[in-house]
**Student:** 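Here it is: the structure, laid out below.
Keep in mind that the numbers below use all heavy atoms, side chains included, and drop hydrogens, waters and symmetry copies. What you are looking at is a predicted structure, and each value in this text was computed from that prediction instead of being measured. Start at 1 and go down the list; that is how both ligands and their atoms are numbered.
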Amino acid sequence: MAADSLIRPAHAAEDWTIPQNWNAYTTQEHAVWDTLFARQAAMLPGRAAPEFLSGLDILHLSRPGIPNFEELSEKLMKATGWQVVAVPGLVPDDIFFHHLANRRFVAGRFIRRPDQLDYLQEPDVFHDVFGHVPMLSHPVFADYMQAYGQGGLRALNFHALEKLARLYWYTVEFGLIHEQDSIRLYGAGIVSSFGESVFALDDPSPNRLQFDLERVMRTRYRIDDYQQSYFVIDSFEELLHQTAEADFAPLYRRLESLSDISPNAIIPSDRVIDRGTQAHASCKR
Ligand code: PHE
Ligand code: FE
């Protein structure tokens with residue numbers, strides 16, 4: 001996760017990394033990980049993309065509990081050349097992109113409390129590692145994440161970060177993918193959430209729309225509740241092709257004259273898979 005205008009804590013290195021301090025985790029903290037892991041691992045078969053499910057193997061380390069980043073990085077390095085490094089929380093955008101561009105995934109080291117199993121606003125080690133690392137062991141997705149980091153550094157020059165961040169949100173965090181006859185989950189924010197793993201696929205409330213790069217980059221998103229629209233890609237190869245191999249400069253220019261789209265809207269050019277009732281969002285207002 002990234003943000004602007006943050007002050008680097010004194011204990012963090014220049015690249016904002018800190019030691020994970022794996023030995024400092026308590027038995028109770030490891031137990032929270034194990035509880036969350038067992039719950040998600042049991043519900044995701046048939047829901048998560050096969051690429052995510054096979055990527056889960058990478059999290060089986062020599063000991064149960066919160067993964068030791070060094071041991072995890074060694075395995076991930078062999079699979080796709082990625083590493084996991086600990087950071088204190090949000091890091092500045094340029095630092096975040098720089099790590100991604102160098103195949104380092106930045107993860108929080110703290111874990112939620114036992115009374116926060118279902119919901120947490122800020123990403124903890126369960127979200128960051130369980131949610132993101134399995135896909136990083138997939139070669140095509142691993143390349144996409146690196147290209148995104150490079151694209152992020154480029155977007156800073158174009159002052160187009162808000163637009164590019166929406167791509168991350170609607171793919172890396174909340175993406176869905178077509179499999180043979182069904183839709184599956186791959187976004188880290190969904191697969192690390194018990195409630196949203198059901199909601200994103202089965203609930204009649206949200207829109208499910210065919211992925212379209214320009215459309216996604218115009219779409220605002222909410223950070224306080226389940227998403228009101230999800231975008232469905234056809235394959236990771238196609239996603240990589242449409243993004244990494246494209247020059248975003250003309251797209252950023254075009255987007256300047258196009259209005260933003262609200263999170264629940266459907267526009268005439270959309271290829272609609274499911275038109276949502278939006279009942280979930282309306283009942284809270
Ligand atoms: N190709 C994009 C650009 O020209 C960068 C990018 C790559 C963005 C992959 C997202 C994902 O800026
Ligand atoms: Fe995340």
Side-chain angles (χ1 to χ4, degrees), residues 1-3 36 40 52 55 82 84-87 89-91 93-94 96-112 119-136 138-175 185-193 196-197 200 211-219 221-223 226-227 231 233 235-256:
M1 285 283 281
L36 289 166
Q40 287 311 94
F52 177 88
W82 275 78
V84 179
V85 293
V87 289
L90 290 179
V91 302
D93 299 316
D94 61 326
F96 178 70
F97 294 138
H98 194 258
H99 281 298
L100 291 184
N102 289 283
R103 292 192 174 242
R104 286 187 300 268
F105 191 74
V106 298
R109 63 178 181 184
F110 82 98
I111 191 147
R112 67 196 73 183
Y119 192 74
L120 192 69
Q121 185 121 353
E122 70 273 51
D124 69 343
V125 65
F126 185 74
H127 166 79
D128 282 337
V129 172
F130 182 93
H132 288 281
V133 171
M135 288 310 303
L136 287 171
H138 183 260
V140 176
F141 199 82
D143 286 352
Y144 173 64
M145 290 290 280
Q146 178 181 21
Y148 185 89
Q150 293 162 339
L153 292 170
R154 199 162 174 244
L156 289 173
N157 299 324
F158 288 104
H159 305 286
L161 209 53
E162 197 186 8
K163 307 281 192 285
L164 188 69
R166 292 169 179 167
L167 175 62
Y168 191 91
W169 190 264
Y170 284 117
T171 59
V172 178
E173 294 293 354
F174 292 97
L185 317 167
Y186 73 90
I190 309 177
V191 295
S192 63
S193 157
E196 198 152 2
S197 293
F211 178 84
D212 176 278
L213 182 62
E214 183 177 290
R215 197 310 183 183
V216 164
M217 288 172 84
R218 292 175 62 192
T219 311
Y221 56 81
R222 38 196 312 177
I223 59 165
Y226 299 153
Q227 298 307 301
F231 293 92
I233 61 170
S235 69
F236 295 113
E237 286 77 7
E238 181 58 27
L239 176 64
L240 182 69
H241 172 69
Q242 280 189 45
T243 54
E245 291 164 29
D247 176 7
F248 278 22
L251 176 58
Y252 291 145
R253 225 170 297 128
R254 195 160 64 242
L255 285 166
E256 278 172 29

**Student:** Report, rounded to 10°, the angle at the Fe ion (ligand 2) between the two atoms OE1 (Glu173) and NE2 (His127).
**Tutor:**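 It is 80°, given to the nearest 10°.
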
**Student:** Looking only at non-hydrogen atoms, which of Pro250, Gly149, Ala147 approaches atom 6 (C) of ligand 1 most closely?
**Tutor:** Ala147

**Student:** Ala246 to ligand 1: N or O pair under 3.5 Å?
**Tutor:** yes

**Student:** Would you mind running through ligand 1 and noting each atom that sits below 4.0 Å from a heavy atom of Tyr144?
**Tutor:** 11 (C)

**Student:** Do Phe174 and Tyr170 have ring centroids that are under 6.0 Å from one another?
**Tutor:**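 Centroid separation for Tyr170 and Phe174: 6.0 Å or greater.
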
**Student:** Is there an N/O/S atom in Asp128 at a distance below 2.8 Å from the Fe ion (ligand 2)?
**Tutor:**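 No - counting backbone and side chain alike, Asp128 has no N, O or S atom under 2.8 Å.
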
**Student:** Return the closest protein heavy atom for atom 4 (O) of ligand 1 as residue, atom name and distance.
**Tutor:** Arg154 NH1, 2.4 Å

**Student:** If I apply the N/O under 3.5 Å rule, does Phe248 come out as touching ligand 1?
**Tutor:** yes

**Student:** Over all heavy atoms of both residues, which pair between Leu185 and Val191 is shortest? Give the atoms and the distance, please.
**Tutor:** CB-CG1, 3.9 Å

**Student:** What is the nearest protein non-hydrogen atom to atom 5 (C) of ligand 1, stated with its residue, atom name and distance?
**Tutor:** Gly151 CA, 3.4 Å

**Student:** Please round to the nearest 0.5 Å and tell me the distance separating atom CZ of Phe158 and atom NZ of Lys163.
**Tutor:**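 So the gap between those two atoms works out to 14.0 Å.
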
**Student:** Would you mind checking if Asp247 and Arg154 are paired as a salt bridge, meaning a charged N to carboxylate O distance below 4.0 Å?
**Tutor:**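 Yes, charged N to carboxylate O under 4.0 Å.
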
**Student:** As a test of understanding, state which of Tyr144, Tyr186, Phe211, Phe52 forms a ring pair (Phe, Tyr, Trp, His ring centres under 6.0 Å) with Phe236.
**Tutor:**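 That would be Tyr186; it is the only one of Tyr144, Tyr186, Phe211, Phe52 passing the ring pair (Phe, Tyr, Trp, His ring centres under 6.0 Å) with Phe236.
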
**Student:** Which residue is it: Val140, Leu213, Thr171? I am looking for the one with a side-chain contact (heavy atoms from CB on, under 4.5 Å) to Leu239.
**Tutor:**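 Checked Val140, Leu213, Thr171 against Leu239; only one passes side-chain contact (heavy atoms from CB on, under 4.5 Å): Thr171.
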
